[in-house]
Amino acid sequence: MVKNKHIISGINGFFHKNDCNKAINSIMTTIRHLNLRSSYIGIEKRPNCKLTCLQVLELLLIFPFFMVKNSFQYHHSGLSKLFSCQKDMFYRFMEQDNIDWRRLVYMLSLRLLNRISSIKDSKTSLQCLIVDDTDLPKTGFKMEMIGRIYSHVLHKSILGFKGLFLCHTDGKTQTMLDFSLHGEGGKNPEKKQGLTEKQRKARFSKERDEDSIANTRIKEYRQSKIDRSIEMVKEAIRKGIRFDYLLVDSWFTCTDLLNFICSRHIKCHLIGMMKMGKTRYKTKFGNLKAFDIIDRLKKGKSVKYSRKLNCHYTYIDAEYSNRRIRIFFCKRGRKGAWNAFLSTNTQLDFFEAYRIYSMRWAIEVCFSEMKGLLGLGKCQCRNFSSQIASVSLTMMQYNILSFIKRFEAYETIGGLFNQTVNGTMELSVTERIWDLILQTCFRQTKRKSSE
């Protein structure tokens with residue numbers, strides 16, 4: 001193949017433009033129109049490498065669409081017949097400390113969002129940012145920075161990382177913008193991160209330049225998730241992302257995030273779930289806890305019932321950290337537990353606030369699809385830089401699928417992914433035919449030489 005040629009252009013010409021290959025053609029066309037360039041990657045090609053850095057990146061981007069789960073399986077895939085190279089080339093690329101993966105993800109995301117914003121219905125739709133974390137379980141104790149984290153899903157300690165993600169949604173398309181990997185110190189001072197001293201020493205380690213991008217990511221690993229989420233939203237605003245609401249769950253709803261959103265020069269608000277705990281809010285009844293507030297509202301007969309949502313609800317204006325907020329309460333059934341969420345927009349009624357906050361569940365769907373379809377968190381490389389690269393690639397792959405789903409009218413991203421994989425089976429069949437041709441030619445040559 002020509003060394004300066006884009007991988008995507010070469011592959012796209014392989015598939016026939018018919019209904020069977022519609023999905024894979026859409027993916028290839030979308031990646032090609034993103035106009036990826038080598039300058040975005042930030043590193044030079046190694047002299048002994050067959051492919052350019054851009055070609056390696058393009059191949060890594062299309063791995064899951066060609067049933068390649070990881071670099072180790074590349075040699076046994078149909079892609080290896082078109083682009084001959086070894087798995088070490090991909091591993092070396094992913095472990096580079098100075099590839100700015102955050103810049104690459106943002107570059108791709110912004111270009112997709114700009115194309116979406118050109119549609120009429122997207123200009124009037126609600127724009128929201130969502131911050132949430134998810135468990136990224138691992139199995140190897142020798143990974144760099146690995147430790148135990150507490151899983152709120154499994155309600156126990158597991159080995160892995162916490163992934164903190166920032167997502168943009170307009171109600172139709174979810175676009176992943178940024179992420180960071182975090183660890184937890186643990187409660188036992190003798191077993192930091194839940195590991196013994198012997199286990200900590202056995203972990204992979206590498207000396208890095210203080211100014212390297214990978215070293216910046218390691219500093220984020222030790223940072224508070226609240227502080228990191230604020231920095232991610234700041235970065236999104238600097239990149240030109242504008243949003244109406246920031247949506248978070250009860251873990252992230254705090255005074256720091258509330259003050260940050262209220263102090264922005266752009267018109268944006270926070271909607272976050274609240275803990276029914278000991279925090280006091282200044283209300284017309286006095287400084288009360290959430291449970292005390294709902295008791296006062298029930299006595300004042302302010303609680304109403306919605307047949308549409310099948311829940312009891314009420315709300316009250318209050319102050320929290322010297323900021324005006326509106327607190328919404330709701331519960332399902334007579335014996336159900338009361339839940340509460342707050343909004344810095346005091347003009348919202350309960351139904352509108354409930355509808356907007358329900359958009360937060362979009363990121364949970366993203367996590368499920370990225371883990372189930374694209375292998376989010378499945379990378380077992382020891383190098384922390386490789387872990388960053390793996391998650392970044394998964395986010396870019398998901399954003400491409402999410403974008404195509406919107407314009408190609410696929411019902412689900414899972415349906416789009418399955419159709420893509422079925423379409424790329426053509427490459428596997430062609431590969432087998434090519435092997436048969438080579439075997440036939442080899443037998444004929446051997447027969448002639450024997451004669």
Taking every non-hydrogen atom, the tightest pair across [X] and [Y]:
| X | Y | answer |
| --- | --- | --- |
| D97 | S385 | OD1-OG, 2.7 Å |
| E352 | L348 | CG-CD2, 3.5 Å |
| G160 | I149 | O-CG2, 3.7 Å |
| T255 | S321 | CG2-CB, 3.8 Å |
| L164 | S229 | CD2-N, 3.9 Å |
| A290 | M276 | CB-SD, 3.7 Å |

Pair listing, salt bridge (charged side-chain N to carboxylate O under 4.0 Å, His left out) test, anchored in residues 269-289, at least two apart: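 Counting only pairs at least two positions apart or across chains, no salt bridge (charged side-chain N to carboxylate O under 4.0 Å, His left out) contact touches residues 269-289.
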
Pairs flagged by salt bridge (charged side-chain N to carboxylate O under 4.0 Å, His left out) wherever residues 321-346 is involved - sequence neighbours left out: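 Salt bridge (charged side-chain N to carboxylate O under 4.0 Å, His left out) check on residues 321-346 returns D317-R326.
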
Please round to the nearest 0.5 Å and tell me the distance separating atom [atom1] of [X] and atom [atom2] of [Y].
| X | Y | atom1 | atom2 | answer |
| --- | --- | --- | --- | --- |
| S157 | Q193 | OG | CD | 11.0 Å |
| C366 | I130 | SG | CD1 | 7.0 Å |
| S212 | D100 | OG | CG | 11.5 Å |
| T253 | I271 | OG1 | CD1 | 10.5 Å |
| L112 | I404 | CG | CD1 | 9.0 Å |
| E369 | I413 | CD | CD1 | 4.5 Å |

Taking side chain as C-beta onward, heavy atoms only, is [X] less than 4.5 Å from [Y]?
| X | Y | answer |
| --- | --- | --- |
| L393 | W101 | yes |
| H312 | K304 | no |
| C268 | L246 | no |
| D295 | K298 | yes |
| Y398 | T175 | no |
| K162 | E184 | yes |
| I146 | F161 | yes |
| E319 | Y281 | no |

For D244, side-chain contact (heavy atoms from CB on, under 4.5 Å) partners two or more places apart: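 Only L126, Q127 meet the side-chain contact (heavy atoms from CB on, under 4.5 Å) criterion with D244.
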
Set of residues satisfying side-chain contact (heavy atoms from CB on, under 4.5 Å) with respect to E220, sequence neighbours excluded: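 With neighbours one apart ignored, the set is R102, S180, T216, R217, Q223, R228.
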
So, [X] side chain and [Y] main chain: donor-acceptor pair closer than 3.5 Å or not?
| X | Y | answer |
| --- | --- | --- |
| D227 | I230 | no |
| Q387 | M145 | no |
| Q96 | R92 | yes |
| T314 | S302 | yes |
| T29 | S26 | no |
| T169 | Q174 | no |
| Q55 | T52 | yes |

Candidate pair M370 and M176, rule side-chain contact (heavy atoms from CB on, under 4.5 Å), full reasoning: CA-CA 11 Å; M370 286 194 292; M176 306 303 294; 4.0 Å; yes

In terms of side-chain heavy atoms, does [X] have a donor or acceptor partner in [Y] at a distance below 3.5 Å?
| X | Y | result |
| --- | --- | --- |
| K378 | T394 | no |
| S109 | N399 | yes |
| E95 | S386 | no |

Angle class for the [X]/[Y] ring planes (parallel below 30°, perpendicular above 60°, tilted otherwise)?
| X | Y | result |
| --- | --- | --- |
| F165 | F179 | parallel |
| F90 | F63 | perpendicular |
| Y315 | F328 | tilted |
| Y245 | H269 | tilted |
| F341 | F350 | tilted |

Enclosure of N114 CG (heavy-atom neighbours >12, cutoff 6.0 Å):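 Result for CG/N114: enclosed.
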
Check: F351 ring centroid to Y313 ring centroid under 6.0 Å: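 Yes, the ring of F351 comes within the 6.0 Å limit of the ring of Y313, centre to centre.
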
Chi angles and distances behind the side-chain contact (heavy atoms from CB on, under 4.5 Å) call for N345, L270: CA-CA 8 Å; N345 184 357; L270 172 71; over 6 Å; no

N-O pairing of E231 and K234 below 4.0 Å: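 No, no charged N to carboxylate O under 4.0 Å.
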
Step-by-step side-chain contact (heavy atoms from CB on, under 4.5 Å) determination, L376 to L136: CA-CA 8 Å; L376 175 65; L136 300 178; 3.9 Å; yes

ring-ring contact (aromatic ring centres under 6.0 Å, His included) against H152, all qualifying residues, sequence neighbours excluded: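 Y150.
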
N310: partners by side chain to side chain donor-acceptor pair (under 3.5 Å), with sequence neighbours left out: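 Side chain to side chain donor-acceptor pair (under 3.5 Å) list for N310, sorted by chain: Y305.
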
Chi angles and distances behind the side-chain contact (heavy atoms from CB on, under 4.5 Å) call for F252, I226: CA-CA 6 Å; F252 292 93; I226 297 294; 3.9 Å; yes

NZ or CZ of K87 within 45° of F72 ring axis and under 6.0 Å: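 No.
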
